[in-house]
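Keep in mind that this is a model prediction, so the values were computed, not measured. Residue numbers begin at 1 in each chain, while the letters A, B, ... track the order of the sequences. Below, each value reflects all heavy atoms present in this structure, side chains not excepted, and no hydrogens, waters or symmetry copies.
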There are 2 protein chains.
Amino acid sequence: MPDPMYRQIAEDLRQKIESGQLPHGAQLPTELELREQYEASRNTVRDAVKWLTTRGLVETRPGQGTFVVEMIDPFITEVTQEYGFGGVEAYLPGYTTDRKLTVTVPRVEIQKAGDIAVPELHLDAGAMVVSRFQQRSIDGTPWSLQTTFYPMRFVEEGAVQLIQATNIDEGAVGYLATKLGIKEAGKRDVMTVRAPDAIEAAIFRLPEDGRVNVFETRRTGYTDDGKPIRLTVTTSPADRNQFVLKVGKVPGTEGQAPAGPEGSHPGGSG
Amino acid sequence: MPDPMYRQIAEDLRQKIESGQLPHGAQLPTELELREQYEASRNTVRDAVKWLTTRGLVETRPGQGTFVVEMIDPFITEVTQEYGFGGVEAYLPGYTTDRKLTVTVPRVEIQKAGDIAVPELHLDAGAMVVSRFQQRSIDGTPWSLQTTFYPMRFVEEGAVQLIQATNIDEGAVGYLATKLGIKEAGKRDVMTVRAPDAIEAAIFRLPEDGRVNVFETRRTGYTDDGKPIRLTVTTSPADRNQFVLKVGKVPGTEGQAPAGPEGSHPGGSG
DNA sequence: GGGTATTTGTCCGTATGTATT
DNA sequence: AAATACATACGGACAAATACC
């Protein structure tokens, strides 16, 4: 039982939300009503609402009110030995199968390699890279951003299609193989979670207070002799994405229920 | 450039942090000093600091001040085809190799199956399960909580060691194989990210405002004929964990730098 | 241990702006 | 245009945690 008044109010509202008394999408009492119900000042009930907001339980809409957040039907990316996580090469929608995936045409830029690309691609500081950027949406909702970096050297050696803003049918990695004989023999995916930057928050329409994190997966592809050939960075909001990995023999895929607000671990702190 | 004053103050401080002018661990000016520097009220500079706090850039310590967060040396869990993510069966520390992993003795409880276990283990509502809970720490810092649920039926059929609060040398899954002939032929891992609950926040010593999320991986193990035999739920803080998956031939593992505050994707929102 | 200064946390009141209906 | 509801910003007061003497 938290001592401060705003926390008591928040816990009371939280209990009402998690018990179903305030279902998804329901409007909370207005700040004025909360102020009367709990006999607190408006700033104090605002602190309580902000506490719930930070936890992703409610969202405020200026001019309308405060609402319990809607449940998001998660997008499930299946991880396979062949593909690894990070990409959208394989995916399964949750519950329904009729979602539509759309991909923007690549935006191609030639840039100085950044703090990630330089070490991952074993480049010298100041080296140039080709970046190919795509945005993926599902049913019109932005779902992931993906940028792949290739050393500029590949273009100079003849892989000119890399700098064209069109989809490469065989895939850019396949194109490198047929054009330059550079084959990807292995890849490493690193998955982290972090707060979104301003661009990601805008594109994904995430609440601007940064409480919804994004997955960031960095995939580095290597040739047989261990030279890195590309770096793919994919970001996707953590509130609408799940990753699934199957190993061995697993029965048919039913939809995965999103994580609910129940305690998975026993109480206590031993 | 954000309009509200508290955002301008926050962006200014953010720029000082990201430029290195305020390095990791450095103390920010006190609220009184900020109030003088920016000619704003104390509540306004507090809003600015709170904005930075929500984004995980700074942390406040009552009686001391506000500080730029320390960089956390991430714990890297390597995902392999054999093991999948979720567990700590295989892991690599970041940068250094001299970290010590400690595991608590299992806490064993017999419970009614919860909202996750019932569907995952194909149980009837109200069925009983054995839960085995362990907490893992690295260098004394709590790193992951893990609970595995087994149908109570296994104990009734003779796997009595499941309900003993001791480590099972061959592993609980291996024990089921030798004792009952129940072999795990496959498993599915589902990875999500969510806000921590109160218990997790306490054990991991996460900031109580819930801005640091936790990974939750649910692993369900299946027999050859597709029957689920166990459900393992692992939670680990997203601020100190990374997951790595290697596919094919990948050169020697150098340490992975944590995600820095640089833009990976091009600007704009087209 | 006690006392004091410093710093953040909580709570109140008020006024004005902005977004939506 | 008017009403409603949240957002921002100011002011003040006291409490709680910490550090230092």
Side-chain angles (χ1 to χ4, degrees), chain A residues 1-14 22 25-70 201-202 205-211, chain B residues 1-14 22 25-70 201-202 205-211:
Chain A
M1 25 231 125
D3 231 2
M5 188 188 305
Y6 80 95
R7 287 269 279 142
Q8 293 182 29
I9 298 172
E11 292 293 350
D12 189 62
L13 290 170
R14 177 200 189 116
L22 286 169
Q27 180 171 9
L28 268 66
T30 67
E31 291 176 346
L32 187 63
E33 290 167 334
L34 288 174
R35 174 182 163 157
E36 291 164 357
Q37 283 182 29
Y38 294 101
E39 292 181 343
S41 77
R42 182 172 169 243
N43 282 327
T44 300
V45 302
R46 272 180 64 79
D47 282 344
V49 170
K50 177 164 280 184
W51 191 88
L52 295 170
T53 301
T54 304
R55 250 134 282 234
L57 292 172
V58 304
E59 63 183 359
T60 58
R61 302 178 205 146
Q64 297 186 48
T66 305
F67 300 85
V68 182
V69 293
E70 293 284 357
R205 297 181 200 119
L206 299 178
E208 55 122 51
D209 65 0
R211 67 174 183 277
Chain B
M1 20 234 131
D3 227 2
M5 188 188 303
Y6 80 95
R7 287 268 282 151
Q8 293 182 30
I9 298 173
E11 292 293 349
D12 189 62
L13 290 170
R14 178 200 188 115
L22 286 168
Q27 180 171 9
L28 267 66
T30 67
E31 292 175 348
L32 187 63
E33 290 167 336
L34 288 174
R35 173 182 162 157
E36 291 164 357
Q37 284 182 29
Y38 294 101
E39 292 181 342
S41 76
R42 183 179 168 228
N43 282 326
T44 300
V45 303
R46 274 179 64 78
D47 282 345
V49 170
K50 177 164 280 183
W51 191 88
L52 295 170
T53 302
T54 303
R55 253 134 278 236
L57 292 172
V58 305
E59 62 183 358
T60 57
R61 300 177 205 147
Q64 296 185 52
T66 305
F67 301 84
V68 183
V69 293
E70 293 283 358
R205 297 180 201 119
L206 299 179
E208 56 121 50
D209 65 0
R211 67 174 182 277

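In this structure the side chain of B:L13 reaches within 4.5 angstrom of the side chain of B:Y38, judged on heavy atoms. Here the side chains of B:R14 and B:R55 are in contact, with some heavy-atom distance below 4.5 Å. Counting heavy atoms from C-beta outward, B:V49 and B:T60 have side chains that approach closer than 4.5 Å.
Side chain of B:R46, nearest nucleotide from C:dC11, D:dA9, C:dT8: C:dT8.
Atom CZ in A:R35 sits roughly 9 Å away from atom C1' in C:dC12 (whole-Å rounding). As rounded to whole Å, 8 Å separates atom P of C:dT7 from atom CG of B:L32. As a whole-Å value, the separation of B:E31 CD from D:dA9 P is 16 Å. Rounded to an integer number of Å, the gap from A:Q27 CD to D:dT4 P is 14 Å. When rounded to the nearest whole Å, the span between CG of A:N43 and C1' of D:dG11 equals 11 Å. Look at CD on A:E36: it is 13 Å from P on D:dT4, rounded to the nearest Å. The interatomic distance linking A:E33 (CD) with D:dA5 (P) rounds to 7 Å, in whole Å. Counting to the nearest Å, the P atom of D:dA9 and the NZ atom of A:K50 are 11 Å from each other.
With salt bridges taken as basic N to acidic carboxylate O contacts below 4.0 Å, none links A:R35 and A:E31. The pair B:E59-B:R61 meets the salt-bridge criterion, with a side-chain N (NZ, NE, NH1 or NH2) lying under 4.0 Å from an Asp/Glu carboxylate O.
Evaluation of atom-type donor-acceptor distances gives a pair under 3.5 Å for the side chain of A:R42 against the base of D:dA7.
Proximity of residues 60-67 of chain B to DNA chain C (heavy atom under 4.0 angstrom from any strand atom) is restricted to B:T60, B:R61, B:P62, B:G63, B:Q64, B:G65, B:T66.
Heavy-atom minimum distance, B:G56 versus B:V69: O-CG2, 3.3 Å.
Across all strands shown, the partner of D:dA3 is C:dT20, judged by Watson-Crick or G-U wobble contacts whose two distances both fall under 3.5 Å.
Between the side chains of A:N43 and A:Y6, no donor N or O sits under 3.5 Å from an acceptor N or O.
Place B:P29 and A:S41 on DNA chain C by their nearest nucleotides, and B:P29 ends up nearer the 5' end.
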